[in-house]
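In each ligand, atom 1 is the first atom listed, and ligand 1 is the first ligand listed. Because only heavy atoms are used, hydrogens play no part in the values below, and waters and symmetry mates are left out as well, while side chains stay in.
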Amino acid sequence: MPPALPQDAVVAVVGAGAMGAGIAQVAAQAGHRVLLHDARAGAAADAQRALARTLDALAAKGKLTQDAARAAAARIEPVAALDALAPAALVVEAIVEDLAAKRDLFAKLESIVADDAILGTNTSSLSVTALAAGLRRPGRVVGMHFFNPAPVLPLVEVVSGLATDANVAATVHATAAAWGKSPVHAASTPGFIVNRCARPFYAEALRLLAERAADVATLDAVMRDAGGFRMGPFELMDLVGHDVNFAVTSSIYAAYFDDPRFRPSMIQRELVDAGYLGRKSGRGFYDHAKDAARPRVAEEPAGPRPDTIVVHGDLGPAAALVPRWRAAGVTVDEQDAVAAFPDGVVAVAGAWLALSDGRTATSRAAAVGAHRLTLLDYALDFAKCSRVAVSVADTCDAPACTTTVGALQAAGVAVARLDDVAGLAVLRTVAMLANEAADAVSQGVASPADLDDAMQKGVNYPRGPLAWADAIGVGRVRDVLANLAAHYGEDRYRIAPLIARRAITGQPLAGAAR
Ligand SMILES: NC(=O)c1ccc[n+]([C@@H]2O[C@H](COP(=O)([O-])OP(=O)(O)OC[C@H]3O[C@@H](n4cnc5c(N)ncnc54)[C@H](O)[C@@H]3O)[C@@H](O)[C@H]2O)c1
């Protein structure tokens, strides 16, 4: 494996906007002399002065010494002419997201820098293969995809196009690691790892909203408090901006030749058309005006508290509720599984409570002849979660469903009742995240370990989607996807071949060779 570029190697950054300035800061703090160039006169010098202030502020907060801040700022040199980048061993471009502009820049750089200098691109959505095409030495072009803000977020996707030299990718990987980042390797495919594999987080939420499963505040609360995600999908889309999120979704959808997995949502398009872009425009799914009231999260009213509940069989991930019931003074009678619910079920006052398997409560109740059925959404950690989502079969009479709600409340969780949608919220989202991740792995986009790492570091997921599917049980995830596919009749929910195989063998998705 080639080592990282030495500290005395000169790094050039082209484009002194939000990303370029951040990348220059990272490289300078790592000890490199950084040449910063921007086509707009004065922009690089402005960015250098702003970076010096940022570094000073970091020193004032005690994040680095005053000397280190001054030295890093002094290492960043704004340069007016592209020719001045000649001494660079690595150039990272962060100019406008336009294929022709980036190609033109690389073509010019080829005749300026040394033959062994690496040409890195921070593109989020363009093909590294296409960016390198036509160059004299396409093997030295590699994606070095930082996340915004670059000095703060650890992930760097090191993206190899068809012509990228493996040694070049390895050098950039080692260099990003030496800069204190967490690099992962990715093949140049639309969305690379994170922007592709995160799509279901938004897409399933938008589908649930389109089906009026619940309001946005309630769905966000379920995804946070049961799913363990740092932000709910709707608040996150409001933060990212609907124009940006919709454009990324649309470009990935087009790049995959209209694969229904990636189909954008009409709801988001409406928001863009209305100019409701999220926080930046003051309104998106939420009203972001200063005095706006936070919408209420819907919770079921208190149901009757049971003295005794019967647990039939193994509840799988939901088994962690049993100690919570016992700690709350509820008697839990553990018995063998019943034929209608081989995967375990809770019986309480003549009603049933089972973990969702991707069917609607109504269809599952009809299939097994248990009409008073409540389905429980998956939670990241049933031992600790403060909220869960449920759905109730249309055939369940009102008093019966309050008993299952009361049982969950007795375990100390707030209950959000969704309309009877297939796979509820957390379960179907995690199943679809794992499905996309499994496809990306089997298509050679990334290794399982890099993929899981990227999703945790790039978008803060509480677990990598592959390890998460292993924790739920790959067979269970396969069943959820199969039931979603049957329910909707859409190719969107087709099962990733790797999940189908692993569900048979029981081998884990994470960390396993494909
Ligand atoms: N903003 C993000 O969240 C984000 C995250 C990851 C990657 N990216 C990618 O990083 C790149 C830059 O994004 P940004 O948000 O920093 O944009 P930006 O608009 O803030 O900055 C772009 C800068 O490039 C300069 N520029 C444009 N054309 C140029 C050229 N031909 N030569 C030299 N300078 C030129 C502009 O004057 C501007 O200062 C894009 O490829 C984008 O897709 C952005």
Side-chain angles (χ1 to χ4, degrees), residues 12-27 34-51 54 76 78-85 88 91-110 112-113 119-128 130-132 141-159 161 176 181 183-184 186 188 190-196 198 236-237 239-252 255 277-280 454 457-460:
V13 178
V14 185
M19 294 307 294
I23 296 164
Q25 182 188 332
V26 172
V34 180
L35 306 173
L36 183 59
H37 170 77
D38 197 287
R40 191 167 56 80
D46 288 348
Q48 195 278 337
R49 279 190 290 275
L51 284 171
T54 302
I76 303 170
V79 296
L82 207 57
D83 287 347
L85 306 186
V91 184
V92 185
E93 74 73 22
I95 68 165
V96 59
E97 187 74 339
D98 178 90
L99 182 67
K102 288 187 196 283
R103 271 184 165 166
D104 181 57
L105 173 67
F106 279 159
K108 286 184 182 139
L109 285 170
E110 266 209 314
I112 295 172
V113 297
L119 301 181
T121 171
N122 188 48
T123 183
S124 302
S125 63
L126 300 172
S127 154
V128 174
L131 279 172
V141 175
V142 64
M144 195 174 189
H145 185 214
F146 288 81
F147 289 71
N148 190 13
V152 178
L153 294 182
L155 184 66
V156 176
E157 291 178 330
V158 177
V159 186
K181 295 294 172 189
V184 293
S188 179
F192 310 141
I193 302 174
V194 170
N195 276 336
R196 169 186 179 167
L236 182 55
M237 282 184 266
L239 176 66
V240 169
H242 293 286
D243 49 347
V244 173
N245 195 281
F246 184 65
V248 173
T249 308
S250 302
S251 91
I252 291 180
L277 304 182
R279 279 199 202 178
K280 63 183 164 191
K457 302 237 168 70
V459 270
N460 263 321

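Closest to atom 9 (C) of ligand 1, if we only count protein heavy atoms, is N122 O, 3.4 Å. Nearest non-hydrogen protein atom to atom 21 (O) of ligand 1 is G17 CA, 3.2 Å. At the top of the distance list for atom 32 (N) of ligand 1, counting protein heavy atoms only, stands A39 CB, 3.6 Å. Closest to atom 31 (N) of ligand 1, if we only count protein heavy atoms, is I95 CD1, 3.6 Å. The protein heavy atom nearest to atom 41 (O) of ligand 1 is E97 OE1, 2.5 Å. In this structure, atom 27 (C) of ligand 1 lies nearest to the protein heavy atom V96 N, 3.7 Å. For atom 20 (O) of ligand 1, the closest non-hydrogen atom on the protein side is A18 N, 3.1 Å.
The shortest N or O to N or O distance between D38 and ligand 1 is under 3.5 Å. When only interatomic distances are considered, the shortest N/O to N/O separation between R40 and ligand 1 does not fall below 3.5 Å. Checking only distances, F146 never comes within under 3.5 Å of ligand 1, N or O to N or O. Geometrically, ligand 1 and H37 share no nitrogen or oxygen pair separated by less than 3.5 Å.
Residues E97 and S124 have side chains that never bring a donor and an acceptor to within less than 3.5 angstrom of each other.
Looking at S124 against ligand 1, both its backbone and its side chain come within 4.0 Å, counting heavy atoms. Of all the heavy atoms of A43, none lies under 4.0 Å from any atom of ligand 1, so neither backbone nor side chain is involved. Within the 4.0 Å heavy-atom criterion, the part of V14 lying near ligand 1 is the side chain and not the backbone.
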### Query
E93 and L119: side chain to side chain contact (heavy atoms under 4.5 Å, CB included), yes or no, with the steps?
CA-CA 8 Å; E93 74 73 22; L119 301 181; over 6 Å; no
### Message
Between V244 and K280, does the side chain to side chain contact (heavy atoms under 4.5 Å, CB included) criterion hold? Intermediate values first, please.
### Response
CA-CA 11 Å; V244 173; K280 63 183 164 191; 4.0 Å; yes
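Ligand 1 lies out of reach of E93, whose nearest heavy atom is not under 4.0 Å from it. The closest approach between A94 and ligand 1 falls below 4.0 Å for a heavy atom of the residue. Using a 4.0 angstrom heavy-atom cutoff, L105 does not count as in contact with ligand 1.
With contacts defined as side-chain heavy-atom distances shorter than 4.5 Å, the pair L126/T121 does not qualify. Residues N148 and L153 are not in side-chain contact: their nearest non-hydrogen atoms beyond the backbone lie 4.5 Å or more apart. At least one side-chain heavy atom of L105 sits less than 4.5 Å from a side-chain heavy atom of L82. When side chains are defined from C-beta on, F246 does not count as touching L277, because their heavy atoms never get closer than 4.5 Å.
When the heavy-atom distances from atom 14 (P) of ligand 1 to M19, K108, K102, M144 are ranked, the shortest goes to M19.
For atom 17 (O) of ligand 1, the nearest protein heavy atom is 4.0 Å or more away.
One finds the NE2 atom of H37 at 8.5 Å from the CG atom of L109 (value rounded to the nearest 0.5 Å). To the nearest 0.5 Å, the span separating CD1 on I193 from CD on E157 amounts to 5.0 Å. Note: F147 CZ to K457 NZ = 12.5 Å, rounded to the nearest 0.5 Å. The NE2 atom of H242 sits 11.0 Å away from atom OG1 of T249, with the distance rounded to the nearest 0.5 Å. Rounding to the nearest 0.5 Å gives a distance of 8.5 Å between NE2 of H145 and CG of L155.
Atoms of ligand 1 found under 4.0 Å from any heavy atom of H145 (numbered from 1 in listed order, with element): 6 (C), 7 (C). Listed by atom number, the atoms of ligand 1 under 4.0 Å from N148 heavy atoms are 1 (N), 2 (C), 3 (O).
Contact between P151 and V26 at its shortest, heavy atoms only, is CA-CG2, 3.6 Å.
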